[in-house]
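A quick write-up on the structure given underneath.
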Amino acid sequence: NAGVTQTPKFRVLKTGQSMTLLCAQDMNHEYMYWYRQDPGMGLRLIHYSVGEGTTAKGEVPDGYNVSRLKKQNFLLGLESAAPSQTSVYFCASSLLRSQPQHFGDGTRLSIL
Amino acid sequence: GQQLNQSPQSMFIQEGEDVSMNCTSSSIFNTWLWYKQEPGEGPVLLIALYKAGELTSNGRLTAQFGITRKDSFLNISASIPSDVGIYFCAGLNFGNEKLTFGTGTRLTIIP
């Protein structure tokens with residue numbers, strides 16, 4: 001009954017460091033998404049995937065890369081972290097296109 | 001891109017009161033979704049609406065898909081303390097994987 005699981009839950013980085021956020025879903029969903037949530041701006045789509053081996057850019061993709069090597073996992077990478085990337089990151093998945101998305105509990109990332 | 005205007009931005013109500021919030025768009029959507037987010041957690045789906053004019057309930061929550069397909073409404077009856085949180089509307093179109101989110105309505109219940 002896990003649904004969408006994100007790791008880690010919290011992380012503090014220094015400017016220029018790199019890291020990878022992991023999202024795992026156990027619902028056999030085809031579609032997976034990465035969002036960031038900033039105060040007063042709602043959720044903005046970073047990248048998404050319509051199936052294993054595919055990725056596509058969302059609304060705010062700059063500074064991020066993603067990979068979907070396995071259907072159940074969707075990784076979000078920051079190659080060189082910047083303070084502007086301080087945010088809460090949410091992963092989501094959906095069974096099919098145009099189906100409601102189900103969200104993980106988020107990763108709170110601070111870049112100093 | 002599409003914009004969703006959600007109002008009010010925040011609400012302070014007393015327990016037992018009814019709540020109404022709405023979401024409007026500059027363009028049409030085929031699906032409207034309402035999510036609730038509590039501190040430290042991700043958004044949780046409350047109600048999904050798939051047809052213009054549709055009225056759907058989930059317990060004390062009722063949501064409606066506007067006839068013009070450019071708006072949606074969420075009502076909460078007889079609010080209780082656990083209703084506290086941020087409520088987001090989101091719009092989705094057929095053949096499009098991308099959800100467009102509103103900026104949220106923060107609900108606070110005064111003891």
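Chain A is the first sequence line, chain B the second, and so forth, proteins listed ahead of strands; every chain is numbered from 1. Please read all numbers here as calculations on a predicted model, not as lab measurements.
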*Can you tell which of A:Glu59, A:His102, A:Gln37 has the highest number of heavy-atom pairs within less than 4.5 Å of chain B?*
A:Gln37
*Heavy-atom proximity to chain A below 4.5 Å, by part of B:Leu92*: side chain
*Measure B:Gln37 against the heavy atoms of chain A and call it side chain, backbone, both or neither at under 4.5 Å.*
side chain
*asked:* Among B:Thr105, B:Asn75, B:Thr62, exactly one meets side chain to side chain donor-acceptor pair (under 3.5 Å) together with B:Ser20. Which residue is that?
replied: B:Asn75
*Could you walk me through whether A:Tyr48 and A:Phe74 pass the ring pair (Phe, Tyr, Trp, His ring centres under 6.0 Å) test, one step at a time?*
CA-CA 9 Å; A:Tyr48 64 100; A:Phe74 194 29; 8.7 Å; no
*Measure from the ring center of A:Phe103 to the ring center of B:Tyr35 and say whether it is less than 6.0 Å.*
yes
_Under a 4.5 Å cutoff for heavy-atom pairs, which residue among B:Leu99, B:Thr103, B:Thr31, B:Asn30 has the most contacts with chain A?_
B:Leu99
*Between A:Gln6 and chain B, which part of the residue has a heavy atom less than 4.5 Å away: side chain, backbone, both or neither?*
neither
*Can you tell which part of A:Leu43 gets under 4.5 Å to a heavy atom of chain B, answering side chain, backbone, both or neither?*
both
*Where the side chain of A:Ser49 meets the backbone of A:Arg68, is there a donor-acceptor pair that is under 3.5 Å apart?*
no
_Whether A:Lys57 and A:Asp62 form a salt bridge (side-chain N of Lys/Arg under 4.0 Å from carboxylate O of Asp/Glu) is what I want to check._
no
*So, A:Tyr35 versus B:Phe101, ring centres under 6.0 angstrom or not?*
yes
*Structural part of A:Val4 lying under 4.5 Å from a heavy atom of chain B*: neither
